[in-house]
Amino acid sequence: MKADQFIENKALWEQLEQELLEKQYTIDKEGHYPASIHTTSFVLDAFDLTEVLCHYQQLALLEVFRQELDFETQRYCLSRFTQKQKSLAYLPLLRYYAINLRKYGANFESLTVEELLRTIKELDAETYNNLLKIGSGDLPMNKQRAETDLIYCYANDVLATILIHIKVETEEAYREAMHYLNALLEEDFPKSYSIFYEGESDLVLPIERLPVTPSHHFFAKVLSYPSLHAALVEYSYKAMAEYHFYGDVADEEAAMPGTFAVFGLGLYDKSYSKLIIDYMEICDADHSPPTEYFAKAYVERWGLTPETLPVFAYIVATVPTVPYEPFFEQAMNTDENLQWLEKYMTTPFIELCPVISPEQNERMEEYKDLDVASLLYTCFAIVHLNDFTNPKFMRILSPYRERFEEILKELMSL
């Protein structure tokens, strides 16, 4: 049935509402989009159902189906509906949409959230001011606000902001701040957010061109305490989310949440290779220049060896372009590393990098020819794989150069 039938006939809606509230329905997600909802008496697709729930502002059921389906289906319908309905009567729905778009929408949809907030302000200043002051009200009080003798922290899930004020510059203060941050991210907090750090540290990571922001200063300071590194790893895995970025970093230098923690740990100890690889797998590197900067810093810190090459190769494979640097070539053009490169071309990546998952290995193997091409460009400035007489290719040490020629011919024929 179509949405209009329930909108025009309130008795039908009341019957549908009762069946939904009593959970007399099943959801069919197989073979078609959007999913269809089968109640005892009706069948609707997810778009029609969402339109009906929007019309009647049944926010509790909207939340149920957000969880059972996905927010993207709702986002499409809410966007269309709220474009047409911007009256005070629909204030609860506008508020619901603004809160959930901030929590579950992509980073670029923050502009839509700001537009919704402006509409709410025009309709009801009190509701608007409450959203700006306390957020949605969904966060537990101990996670919205925390204060001790050492720190004061406050989060707003509508503005997507986290304030971290360090009262006393001690290791314990930063331990408490990390505990607060990790606990906060267990909630439905927006995945793109800004960190406002109020502390005395101006530490930065040794990565050329990496944006200097409040979140950068904060995590660089936490990194200075080795006992807090486990908390940084915990934070990194909770924070990383594809297509989401720190709000305190300029759009053109977009950095996924977790960036400064992961990069700092990766330069502190080589044992964090799995964390780096997991970060690169999730990160939208096409729109995140800091990943390119980290590739260079990683080699400057650790050099290229069979131990570090798997991480470097994975970074190069996931970043659009890591530009050629002469010192990459110098580091790579050794017997030991060229032997590793030959194995990289001919064996499953997981044999060279046991810490990766089968899914990550599958991706590397699927695009093996492109990944090899990227690494050869980064390390030797080789652009055309089939130009074996090019001076750049000829700089590769013999006998590896001759063996690579045969391997590359085979790769390109696949």
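One is the number of the first residue; the rest follow in order along the sequence. In what follows, every heavy atom counts, from backbone to side chain, and hydrogens, waters and symmetry copies are set aside. If you're wondering where the values come from, they're calculated on a predicted model, not measured in any experiment.
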Q: Could you tell me if the side chain of Glu68 sits less than 4.5 Å from the side chain of Tyr25, heavy atoms only?
A: yes
Q: Run the side-chain contact (heavy atoms from CB on, under 4.5 Å) test on Leu265 and Val233 for me, step by step, so that the C-alpha distance in whole Å, both residues' side-chain angles and the decisive distance to 0.1 Å come before the verdict.
A: CA-CA 8 Å; Leu265 291 167; Val233 173; 3.7 Å; yes
Q: Are more than 12 heavy atoms from other residues, nucleotides or ligands located less than 6.0 Å from atom CG of Asp149?
A: no
Q: Under 3.5 Å, is there a donor-acceptor pair between the side chain of Gln58 and the main chain of Ala60?
A: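 Flag set: sc Gln58 to bb Ala60 pair under 3.5 Å.
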Q: Test Tyr56 against every option in Tyr90, Trp13, Phe6 by the ring-ring contact (aromatic ring centres under 6.0 Å, His included) rule and name the one that passes.
A: Trp13
Q: What verdict does the ring pair (Phe, Tyr, Trp, His ring centres under 6.0 Å) test give for Tyr324 and Tyr377, after you've listed the backbone C-alpha separation in whole Å, the side-chain angles of each residue and the deciding distance to 0.1 Å?
A: CA-CA 6 Å; Tyr324 166 80; Tyr377 167 74; 7.4 Å; no
Q: Report yes if some heavy atom in the side chain of His216 is under 4.5 Å from a heavy atom in the side chain of Pro211; otherwise report no.
A: no
Q: side-chain contact (heavy atoms from CB on, under 4.5 Å) for Phe189 and Ile162? Distances and angles first, verdict last.
A: CA-CA 10 Å; Phe189 196 78; Ile162 303 170; 3.7 Å; yes
Q: Go through the steps for Tyr97 and Phe81 under the test ring pair (Phe, Tyr, Trp, His ring centres under 6.0 Å), then give the verdict.
A: CA-CA 10 Å; Tyr97 183 30; Phe81 194 90; over 10 Å; no
Q: For ring pair (Phe, Tyr, Trp, His ring centres under 6.0 Å), just list the numbers for Phe47 and Tyr33, CA-CA rounded to whole Å, side-chain angles, deciding distance to a tenth of an Å, and then say yes or no.
A: CA-CA 10 Å; Phe47 288 155; Tyr33 181 84; 5.8 Å; yes
Q: Kindly check if the number of other-residue, nucleotide or ligand heavy atoms within 6.0 Å of CD (Glu186) is above 12?
A: yes
Q: Might you confirm whether atom NE2 of His384 has over 12 heavy atoms from other residues, nucleotides or ligands at distances under 6.0 Å?
A: no
Q: Where does the angle between the aromatic ring planes of Trp340 and Tyr344 fall among parallel (under 30°), tilted (30 to 60°) and perpendicular (over 60°)?
A: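 Taking Tyr344 first and then Trp340, their aromatic rings lie parallel (interplane angle under 30°).
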Q: Is the side chain of Thr308 donor-acceptor paired with the backbone N or O of Gly303 at a distance under 3.5 Å, no angle test?
A: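 Judged by distance alone, yes, a pair lies under 3.5 Å.
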Q: Does Glu351 pair with Lys343 as a salt bridge, N-O distance under 4.0 Å?
A: no
Q: Quick one: which of Thr127, Leu117, Leu116 gives a side chain to side chain contact (heavy atoms under 4.5 Å, CB included) with Leu94?
A: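 Result for side chain to side chain contact (heavy atoms under 4.5 Å, CB included) with Leu94: Leu116.
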Q: Are Lys368 and Glu365 ion-paired here, with the side-chain N under 4.0 Å from a carboxylate O?
A: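 Salt bridge flag = yes for Glu365 with Lys368.
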Q: Write down the atom of Glu329, the atom of Phe380, and the distance for their closest heavy-atom approach.
A: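 Looks like CG-CD2, 3.7 Å.
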Q: Answer whether the closest heavy-atom distance between the side chains of Tyr76 and Thr50 falls below 4.5 Å.
A: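 Tyr76 vs Thr50: side chains apart.
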Q: If you draw a 6.0 Å radius around NE2 in His165, do more than 12 non-hydrogen atoms from other residues or ligands fall strictly inside?
A: yes
Q: Kindly write out the residues that satisfy side-chain contact (heavy atoms from CB on, under 4.5 Å) with Ala46, not counting sequence neighbours, or none if the list is empty.
A: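 For Ala46, the residues satisfying side-chain contact (heavy atoms from CB on, under 4.5 Å) (neighbours in sequence not counted) are Pro34, Ile37, Leu69, Thr73.
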Q: With no hydrogens and no angle check, is any side-chain donor or acceptor of Asp188 less than 3.5 Å from a backbone partner on Lys103?
A: no
Q: Salt bridge or not between Glu198 and Lys167? Use side-chain N to carboxylate O under 4.0 Å.
A: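 Answer for the salt bridge query: no.
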Q: Considering only heavy atoms from C-beta outward, does the side chain of Glu169 approach that of Lys221 to under 4.5 Å?
A: yes
Q: If every non-hydrogen atom of Glu147 is compared with every non-hydrogen atom of Arg145, which pair is closest and at what distance?
A: OE1-NH2, 2.8 Å
Q: Taking all non-hydrogen atoms of both residues, which atom of Ala254 and which atom of His287 are closest, and how far apart?
A: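 Heavy atoms only, the tightest pair is CB-O, 3.2 Å.
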Q: Run the side-chain contact (heavy atoms from CB on, under 4.5 Å) test against Leu159 and tell me which residues pass, sequence neighbours left out.
A: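 side-chain contact (heavy atoms from CB on, under 4.5 Å) check on Leu159 returns Leu132, Asn156, Thr161.
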Q: Determine whether Gln360 and Phe349 make a side-chain contact, defined as any pair of heavy atoms from C-beta on separated by less than 4.5 Å.
A: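 Not touching, per the 4.5 Å side-chain cut-off.
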Q: Would you say CZ of Phe327 has more than 12 non-hydrogen atoms from neighbouring residues, nucleotides or ligands within 6.0 angstrom?
A: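 It does: Phe327 CZ has more than 12 such atoms within range.
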Q: Kindly say whether Tyr272 contributes a backbone atom to a donor-acceptor pair with the side chain of Tyr268 at under 3.5 angstrom?
A: no
Q: Side chains of Thr259 and Tyr279: do they bring a donor and an acceptor to under 3.5 Å?
A: yes
Q: If you round to the nearest 0.5 Å, how far is CD of Glu405 from CD1 of Ile396?
A: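 Rounded to the nearest 0.5 Å, the CD1-CD separation comes to 10.5 Å.
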Q: Given 3.5 Å as the limit, does a donor-acceptor pair link the side chain of Lys238 with the main chain of Asn182, or not?
A: yes
Q: Between the side chains of Glu114 and Arg118, is the shortest nitrogen-to-carboxylate-oxygen separation below 4.0 Å, so that they form an ion pair?
A: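 No salt bridge links Arg118 with Glu114.
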Q: Evaluate Leu101 against Phe71 for side-chain contact (heavy atoms from CB on, under 4.5 Å), listing each step before the verdict.
A: CA-CA 8 Å; Leu101 189 61; Phe71 179 68; 3.8 Å; yes
Q: Is the shortest side-chain heavy-atom distance between Ser288 and Asp284 below 4.5 Å?
A: no
Q: Do you know which two heavy atoms are closest between Lys133 and Tyr154, and how far apart they sit?
A: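 Heavy atoms of Lys133 and Tyr154 come nearest at O-OH, 2.8 Å.
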Q: Say whether, by atom type as modelled, one donor and one acceptor occur between the side chain of Thr378 and the main chain of Val322 under 3.5 angstrom.
A: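 Side chain of Thr378 to backbone of Val322: a pair is present.
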Q: Is the shortest side-chain heavy-atom distance between Leu341 and Phe404 below 4.5 Å?
A: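 Counting from C-beta outward, Leu341 and Phe404 do come under 4.5 Å.
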Q: Consider only side-chain N and O atoms of Glu63 and Gln67, and report whether a donor and an acceptor are under 3.5 Å apart.
A: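 Short answer, yes.
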Q: Between Arg75 and Glu109, does any side-chain N to carboxylate O distance fall below 4.0 Å?
A: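 Counted as a salt bridge, because a side-chain N and a carboxylate O are separated by less than 4.0 Å.
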Q: Should Asn100 and Leu62 count as side-chain neighbours, where that means a heavy-atom distance under 4.5 Å?
A: no
Q: Is a side-chain N or O of Trp302 found less than 3.5 angstrom from the main chain of Glu307, in a donor-acceptor match?
A: no
Q: Closer than 3.5 angstrom, by distance alone: can the side chain of Thr321 be matched with the main-chain N or O of Pro323 as a donor-acceptor pair?
A: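 No, the answer is negative, given that no donor and acceptor are paired below the 3.5 Å cut-off.
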Q: Short question: side chain of Asn337, backbone of Ala331 - any donor-acceptor pair under 3.5 Å?
A: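 Yes.
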Q: Kindly compute the distance separating CD (Gln85) from CD (Gln57), expressed to the nearest 0.5 Å.
A: 9.0 Å
Q: Phe260 pairs by ring-ring contact (aromatic ring centres under 6.0 Å, His included) with which of Tyr293, Tyr246, Phe218?
A: Tyr246
Q: What's the shortest heavy-atom distance between Leu267 and Ala297, and which atoms?
A: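 What the structure gives for the nearest pair is CD2-O, 3.8 Å.
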Q: If you apply the rule side-chain contact (heavy atoms from CB on, under 4.5 Å), what do you find for Leu309 with Met332, and how did you get there?
A: CA-CA 9 Å; Leu309 271 166; Met332 190 68 178; 3.6 Å; yes
Q: Any side-chain donor-acceptor pair under 3.5 Å between Tyr104 and Glu72?
A: no
Q: At what distance, to the nearest 0.5 angstrom, does CG of Leu49 lie from OG of Ser36?
A: 11.0 Å
Q: Shortest non-hydrogen contact from Ile164 to Leu181?
A: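 In this case the closest contact between Ile164 and Leu181 is CD1-CD2, 4.5 Å.
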Q: Would a distance-only check, ignoring hydrogens and angles, find a side-chain to backbone donor-acceptor pair under 3.5 Å from Asn107 to Ser192?
A: no
Q: More than 12 heavy atoms of other residues, nucleotides or ligands under 6.0 Å from CD of Glu30: yes or no?
A: no
Q: Any Lys/Arg nitrogen of Glu366 or Arg363 sitting under 4.0 Å from an Asp/Glu carboxylate oxygen of the other?
A: no
